[in-house]
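Here the structure is laid out as structure tokens; the discussion comes afterwards.
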Amino acid sequence: MARLAPKTDVLRALFARSGNQCAFPGCTQSLINDKNKFIAQVCHIEAASEGGERYNPEGNDEHRRSYENLLILCYPHHIETDDLKEYPADRLQQIKRDHEQLFLKSDFKIDESELTKLSYEMEKYWSDIDRLNKLDHIFADSGLAMDVNGENSFFEVIASAYDSVNGIESLLELFHKSDEELKADFEALLVKKGVSPELFSDIPYYANPFENRNWESHNLGTPNWLQRLRIDLVHIEVKFLEEYLKTHSDDLHAKAKFEKAKKELKEYAETAMHVD
């Protein structure tokens, strides 16, 4: 079943007791900016759908979208609380209670038009993604549909992207090897048919379609495009972790990834060049 959007009165109550601040302990990141735009995320304590963090199969969809199961976090802290070992459901419930206790008398109100938009826009989007990928995919019955999981975190998506780049590189290496062996394969075929490969010895290499086939694509295009993609992925990591660590200075794992990515980007900045 598709995940249900939180009701408007539930969101109104969440914002009223938020103090317009992320619920994560010690974080003061605003939820609504000075342009009256929502810049945080409404988060589920127990996931809205199967496969999400802390999903409770014994629960029901009404509870999953209820006030008791929701809190509002800035994006970096939403990512941090994906760590199930450190943030089980009972700890998030305590975080929610402690935060709301601070703002019991808060009179913060969100603009109703923004609240209505918030209620449905992204929930509908992710519901559509889930439905399109799992039910309405044009090849749904073939078993060939590629997975698009809206529940994946930034770290999972970026890791998948790196894996994909490596997969593309391996595939291109196979193509390169195949083209390198093409001339020998062709000559072996000629011999099987009783034709001497020497028959073509007077053709210069640059006119022989079996000699150095796709040389420029393999030796110039492929390494240049792969390096460009790897530079951009590291750049994305640095940009994201720069913002993430502003509110997660005690996240040692993220710090280590940040330092590694910064070092890699500096090396690229100093040494990366086009193969020509």
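Starting from 1, each residue takes its place in the sequence as its number.
The neighbour count for D147 CG, taken as heavy atoms of other residues, nucleotides or ligands under 6.0 Å away, is above 12. In this structure, K134 places its NZ atom where more than 12 heavy-atom neighbours from other residues, nucleotides or ligands lie under 6.0 Å away.
At least one side-chain heavy atom of N219 sits under 4.5 Å from a side-chain heavy atom of H176. By the 4.5 Å heavy-atom criterion applied to side chains, H44 and E53 are not counted as neighbours. Considering only heavy atoms from C-beta on, E46 comes within 4.5 Å of H63 through its side chain. At a threshold of 4.5 Å between non-hydrogen side-chain atoms, the residues V10 and L14 count as touching. By the 4.5 Å heavy-atom criterion applied to side chains, L71 and H99 are not counted as neighbours. Residues R230 and Y268 form a side-chain contact, since some pair of their non-hydrogen atoms from C-beta on lies under 4.5 Å apart. Taking the side chain as every heavy atom from C-beta outward, I95 and Y87 approach each other to under 4.5 Å. Side chains of V165 and E169 form no contact here, defined as non-hydrogen atoms less than 4.5 Å apart.
With hydrogens and angles ignored, the 3.5 Å screen pairs no side-chain donor or acceptor of S178 with any backbone N or O of L174. With hydrogens and angles ignored, the 3.5 Å screen pairs no side-chain donor or acceptor of D276 with any backbone N or O of L220. With S170 contributing its side chain and N166 its backbone, the two residues share a donor-acceptor pair below 3.5 Å. No donor-acceptor pair under 3.5 Å is formed between the side chain of N214 and the backbone N or O of S217. Proximity of a side-chain donor or acceptor of K96 to a complementary backbone N or O of L70 within less than 3.5 Å is detected. One N or O on the side chain of N20 and one on the backbone of I32 form a donor-acceptor pair closer than 3.5 Å. The closest donor-acceptor contact from the side chain of N224 to the backbone of V275 lies under 3.5 Å.
By the 30° and 60° cut-offs, the orientation of the rings of F186 relative to F210 is parallel. Using cut-offs of 30° and 60° for the angle between ring planes, the F240 and Y75 rings count as perpendicular.
Residue I158 is grouped with residue I168 when hydrophobic side chains (ILVMFWY) are merged at heavy-atom distances under 4.5 angstrom, including chains of intermediate members. The hydrophobic clustering, which links ILVMFWY residues whose side-chain heavy atoms are closer than 4.5 Å, places M146 and F139 apart. Placement of I231 and Y162 within a single hydrophobic cluster is found when ILVMFWY residues are connected by side-chain heavy-atom separations under 4.5 Å, directly or transitively. Taking hydrophobic clusters as Ile, Leu, Val, Met, Phe, Trp and Tyr residues chained together by side-chain heavy-atom distances below 4.5 Å, W225 does not share a cluster with L233. When the side chains of ILVMFWY residues are joined at heavy-atom separations under 4.5 Å, either directly or via intervening members, I39 and F15 end up in two distinct hydrophobic clusters.
At a threshold of 4.0 Å, the pair R65-E62 counts as salt-bridged, since one of the basic side-chain nitrogens sits closer than that to a carboxylate oxygen. Using a 4.0 Å cut-off between charged nitrogen and carboxylate oxygen, E180 and K177 do not count as a salt-bridge pair. Ion pair E264/K260 flagged as a salt bridge, since at least one NZ, NE, NH1 or NH2 atom sits closer than 4.0 Å to an Asp/Glu carboxylate oxygen.
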(request) Run the numbers on Q227 and H274 for side chain to side chain contact (heavy atoms under 4.5 Å, CB included), then give the verdict. (result) CA-CA 9 Å; Q227 176 152 273; H274 289 93; over 6 Å; no

(request) Start with the C-alpha distance between L92 and R54, add both sets of side-chain angles, then the distance that settles side chain to side chain contact (heavy atoms under 4.5 Å, CB included), and finish with yes or no. (result) CA-CA 10 Å; L92 285 185; R54 295 171 296 274; 3.2 Å; yes

(request) For L241 and E259, run side chain to side chain contact (heavy atoms under 4.5 Å, CB included): C-alpha distance rounded to whole Å, both residues' side-chain angles, the deciding distance at 0.1 Å, then the answer. (result) CA-CA 10 Å; L241 290 169; E259 292 304 320; over 6 Å; no

(message) Determine whether R64 and Y55 satisfy the following criterion, side chain to side chain contact (heavy atoms under 4.5 Å, CB included), listing intermediate values before the conclusion.
(response) CA-CA 9 Å; R64 292 177 187 122; Y55 178 74; 3.2 Å; yes

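For Q21 against C27, the heavy-atom pair with the smallest separation is OE1-O, 3.9 Å. L73 approaches A40 most closely through the heavy-atom pair O-CB, 3.2 Å. Closest non-hydrogen pair, R131 versus D136, comes out as NH1-OD2, 2.6 Å.
Summarising the geometry, atom CD1 belonging to I79 is positioned 9.0 Å from atom SG belonging to C43; distances are rounded to the nearest 0.5 Å. Here I72 contributes atom CD1 and L11 contributes atom CG; the two are 7.0 Å apart, rounded to the nearest 0.5 Å. Here F200 contributes atom CZ and L190 contributes atom CG; the two are 5.5 Å apart, rounded to the nearest 0.5 Å. Summarising the geometry, atom CG belonging to L135 is positioned 7.0 Å from atom CG belonging to D130; distances are rounded to the nearest 0.5 Å. Once rounded to the nearest 0.5 Å, the distance linking CD of Q41 with SG of C74 reads 9.0 Å. In this structure, CG on N69 lies 5.5 Å from CD1 on I45, to the nearest 0.5 angstrom.
Just one of Q94, Q101, E100 meets the side chain to side chain contact (heavy atoms under 4.5 Å, CB included) condition when paired with D98; it is Q94.
Every pair passing salt bridge (Lys or Arg N to Asp or Glu O under 4.0 Å) that includes a residue from residues 203-219 is listed here, sequence neighbours excluded: K183-E211.
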